Number of protein chains: 2
Amino acid sequence: MSAEKPRGAVTASDVAQLAGVSRSAVSRTFTEGASVAPETRERVMQAARDLGYRVNFLARSLKEQRTRLIGLVVSDMDHSLRAHLVDSLGRALVAADYRPFLLPTSRGEDTRRAIDMMLHYNVSGAIVTSDASPQAIAAECARHDVPLVLVNKAEMGGRVANVTQDTEAAGRLAAEALAEAGCRRVVLARQRLPSYTIDLRCDAFAAHLPRLGLKLVATVEGEAQNYAGGQEAGAAFLARRPEADGVYCANDFLALGFMDHLRRRGVSIPDELAIVGCDDIAEAGWDAYDLTTVRQPVEALTQATLQALLTCIADRNARPGLTTIGVDLVRRNSTARS
Amino acid sequence: MSAEKPRGAVTASDVAQLAGVSRSAVSRTFTEGASVAPETRERVMQAARDLGYRVNFLARSLKEQRTRLIGLVVSDMDHSLRAHLVDSLGRALVAADYRPFLLPTSRGEDTRRAIDMMLHYNVSGAIVTSDASPQAIAAECARHDVPLVLVNKAEMGGRVANVTQDTEAAGRLAAEALAEAGCRRVVLARQRLPSYTIDLRCDAFAAHLPRLGLKLVATVEGEAQNYAGGQEAGAAFLARRPEADGVYCANDFLALGFMDHLRRRGVSIPDELAIVGCDDIAEAGWDAYDLTTVRQPVEALTQATLQALLTCIADRNARPGLTTIGVDLVRRNSTARS
DNA sequence: TCAAGGCTTGCACACGAGTGCAACACCCAT
DNA sequence: ATGGGTGTTGCACTCGTGTGCAAGCCTTGA
């Protein structure tokens with residue numbers, strides 16, 4: 001329909017030429033709140049439409065000294081809760097007119113590279129929900145004055161903005177659910193890989209047992225917080241055969257693997273053994289498991305994270321500290337004693 | 001340790017000043033293959049280290065006219081295969097020195113916005129693995145000369161680069177698996193929402209039935225390709241009670257919901273009914289399901305996608321057309337007839 | 001009619017970096 | 001000693017955009 005520029009993108013100068021105005025007028029047309037005559041603006045808009053012009057955000061960012069890019073450092077996307085969170089955060093960022101810049105990491109290794117990238121691109125802020133130890137990221141972000149929010153990484157305490165589930169309540173609710181199911185002797189199943197969040201959940205769980213008249217008779221472990229890890233923990237459980245009537249699995253994936261392993265060996269759930277998980281991933285609600293678990297509200301985490309980030313961006317000296325997101329118990333069949 | 005710049009990032013000029021050289025020398029130090037004396041380079045590197053300098057990629061991109069940003073347009077990240085793919089693609093891109101720019105979309109709606117963003121940022125290329133109809137994206141990318149690869153979106157044929165699973169083989173393998181299990185009368189379970197990939201799978205499945213002596217006695221549907229959709233399809237199946245001994249579910253999530261629904265109503269799998277799924281998501285391998293399914297190799301998809309993208313970027317006129325990724329059957333318990 | 005004031009507009013500089021060109025230093029061979 | 005060649009360096013321009021400043025126009029009031 002219109003003359004196509006053969007090479008390179010169309011710039012504000014091209015639009016200016018076609019509209020018969022100066023480049024400044026074009027720039028002002030696309031700048032919120034700038035002073036342009038309505039008639040000029042319309043002519044510029046028309047020319048821009050004809051040429052398919054779009055403001056070059058790289059150039060704009062360079063001039064304005066802020067990119068509206070947000071580094072999204074994330075590991076273990078195969079954990080469905082993580083994937084859900086990334087999806088949710090991505091949408092929320094876009095809705096707030098920011099752009100998510102994805103930085104996938106493995107445990108620890110690529111972290112340095114991810115930080116490097118963020119600084120190379122002058123991100124306006126960063127969200128870290130990675131298993132990588134956040135100290136390095138936090139230090140580097142602080143040094144370069146990049147607003148940072150950690151999600152579910154409580155170990156940094158209040159020194160950086162931190163949004164985290166209420167791990168204390170998570171452990172407490174799990175203990176109460178087992179007590180409610182009539183358990184007396186319980187087992188803790190968890191991953192071997194270090195995780196501060198998991199540690200806190202487990203500590204809280206253990207701390208509330210005496211008050212409820214429960215006794216912790218064993219702790220079994222699987223390597224990671226996934227299905228295979230749950231199977232391992234299940235095998236460890238059967239190997240030790242502790243006299244127990246309830247198990248707290250500090251993570252849902254682990255719980256599902258644990259359940260499957262025990263059921264295949266003939267253990268009846270919930271009749272012989274009640275199980276409580278943590279996270280409420282979609283799979284926990286499936287008929288085959290119907291797992292009682294502590295729900296981690298992803299949408300609330302997202303909103304709080306965005307809120308904290310925007311606060312930090314608006315005021316470079318703001319220290320939102322720790323935001324705790326409430327969790328609640330989802331009662332299902334795995335603790336339903338007749 | 002070193003003087004900290006109070007405001008703003010440290011630039012090449014700062015480094016130049018500290019090292020006692022011109023800004024050009026700094027630029028050349030960080031440019032591959034530029035001519036710098038070893039001693040000068042070392043002095044520059046030292047100064048850069050002291051100041052924590054990093055090349056500003058926005059400025060570099062502006063000058064070099066390519067950003068090395070890749071738009072990653074993706075919907076339905078809560079589908080675990082999608083999440084896995086995004087993770088895998090993200091890592092592959094970073095490994096190839098590109099940067100993934102995440103553009104989450106819902107079905108169709110945000111697509112225009114996603115395209116807009118990509119063009120605003122002058123992305124070097126785009127990967128689309130979204131349920132949104134890709135025509136709009138393809139047209140706009142072509143107009144602005146942005147290399148584009150569609151993943152599992154066969155409907156554009158060979159006109160744009162396209163990496164897709166072998167849907168024909170997927171359907172065929174599923175049919176063969178049911179035949180192998182001794183089935184004679186089979187049912188097709190699928191989603192109601194339109195999807196070209198799913199259509200192709202189902203067509204291929206149906207096409208191979210006669211050759212194998214199988215008869216398609218019914219088609220049942222659920223709304224979406226998820227667990228709930230499978231439950232719906234299961235309910236539809238029981239409502240019609242077709243005389244059937246095998247079911248092909250065109251998607252694993254659907255298959256799992258279908259299995260759970262039928263089992264809860266007392267149907268025995270695989271004895272009364274054999275089930276075959278498609279995708280081989282992690283959950284399909286769990287003990288509770290142990291689903292025979294057609295594996296979609298994510299890693300191969302990723303590599304082929306990256307390959308096609310790099311080809312398009314290297315040669316703007318290249319038309320890699322359609323790349324088909326082989327699939328294979330994973331035999332498990334859901335088709336194991338005694 | 002003239003002056004004052006408000007709205008638009010264009011010029012020119014800035015953001016941070018890459019690079020062609022010419023000047024320069026240095027080394028070696030003649 | 002001199003010429004030529006090689007390897008470094010700095011100047012100045014460029015990428016596409018935002019914006020302070022001053023000049024210009026138009027409107028309004030006296």
Side-chain angles (χ1 to χ4, degrees), chain A residues 5 7-45 47-48 51-69 118-124 144-145, chain B residues 5 7-45 47-48 51-69 118-124 144-145:
Chain A
K5 291 279 291 185
R7 288 310 302 152
V10 27
T11 77
S13 299
D14 302 327
V15 177
Q17 191 166 359
L18 179 59
V21 297
S22 79
R23 199 179 52 70
S24 304
V26 177
S27 176
R28 283 191 249 264
T29 297
F30 290 97
T31 303
E32 199 83 22
S35 165
V36 200
E39 192 229 2
T40 306
R41 149 171 265 119
E42 193 43 54
R43 218 167 54 226
V44 169
M45 292 298 258
L51 268 52
Y53 169 75
R54 276 166 178 92
V55 176
N56 184 327
F57 277 9
L58 270 70
R60 173 181 279 182
S61 297
L62 185 58
K63 189 66 181 69
E64 299 201 331
Q65 302 284 59
R66 67 200 171 121
T67 58
R68 302 192 77 87
L69 287 172
M118 299 201 310
L119 295 172
H120 273 302
Y121 276 95
N122 263 2
V123 295
S124 292
H144 290 85
D145 209 25
Chain B
K5 293 278 292 185
R7 287 308 304 153
V10 26
T11 77
S13 299
D14 302 327
V15 177
Q17 191 166 0
L18 179 59
V21 297
S22 80
R23 201 180 51 69
S24 305
V26 177
S27 177
R28 284 192 248 264
T29 297
F30 290 98
T31 303
E32 199 82 21
S35 164
V36 200
E39 192 229 3
T40 306
R41 149 170 267 119
E42 193 42 55
R43 218 166 54 225
V44 169
M45 292 298 260
L51 267 53
Y53 169 76
R54 277 168 178 91
V55 176
N56 183 329
F57 277 9
L58 272 68
R60 173 181 279 183
S61 296
L62 185 57
K63 188 68 181 69
E64 299 202 330
Q65 303 283 57
R66 66 200 170 120
T67 58
R68 302 192 77 87
L69 287 172
M118 298 201 309
L119 295 173
H120 273 303
Y121 276 95
N122 264 359
V123 295
S124 292
H144 290 86
D145 209 25

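The chains referred to below are lettered A, B, ... by the order of the sequence lines, with proteins before strands, and numbering in each begins at 1. Keep in mind it's a predicted model, so treat the numbers as computed, not measured.
Scanning all heavy atoms of the two residues, the minimum distance from A:Ser35 to A:Arg28 falls at O-CD, 3.7 Å. Between B:Ala9 and B:Asp14, the closest heavy-atom pair is O-OD2, 4.2 Å. Summarising the geometry of B:Val15 relative to B:Ala48, their closest heavy-atom pair is CG1-N, 3.9 Å, with the distance given to 0.1 Å. Heavy atoms only, all atoms of each residue included: B:Thr67 and B:Ser61 are closest at CA-OG, 3.5 Å.
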Applying side chain to side chain contact (heavy atoms under 4.5 Å, CB included) to A:Leu69 and A:Asn122, what does each step give before you reach the verdict? CA-CA 8 Å; A:Leu69 287 172; A:Asn122 263 2; over 6 Å; no

Chi angles and distances behind the side chain to side chain contact (heavy atoms under 4.5 Å, CB included) call for A:Phe57, A:Arg68: CA-CA 9 Å; A:Phe57 277 9; A:Arg68 302 192 77 87; over 6 Å; no

Yes or no on side chain to side chain contact (heavy atoms under 4.5 Å, CB included) for A:Tyr53 and A:Met45, after CA distance, side-chain angles and deciding distance? CA-CA 9 Å; A:Tyr53 169 75; A:Met45 292 298 258; over 6 Å; no

Using side chain to side chain contact (heavy atoms under 4.5 Å, CB included), reason through A:Thr11 and A:Asn56 one step at a time and then give a plain yes or no. CA-CA 8 Å; A:Thr11 77; A:Asn56 184 327; over 6 Å; no

Strictly under 4.0 angstrom, non-hydrogen atoms only: write out the protein contact profile of nucleotides 11-17 of chain C, one letter per nucleotide from the 5' end, B, S or -. BB-BBBB

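Residue B:Val36 is classed as a sugar-phosphate contact, given heavy-atom separations below 4.0 Å to backbone atoms only.
A nucleotide of DNA chain D counts as in contact with chain A when one of its atoms lies under 4.0 Å from a heavy atom; the first and last such, 5' to 3', are D:dG16 to D:dG20.
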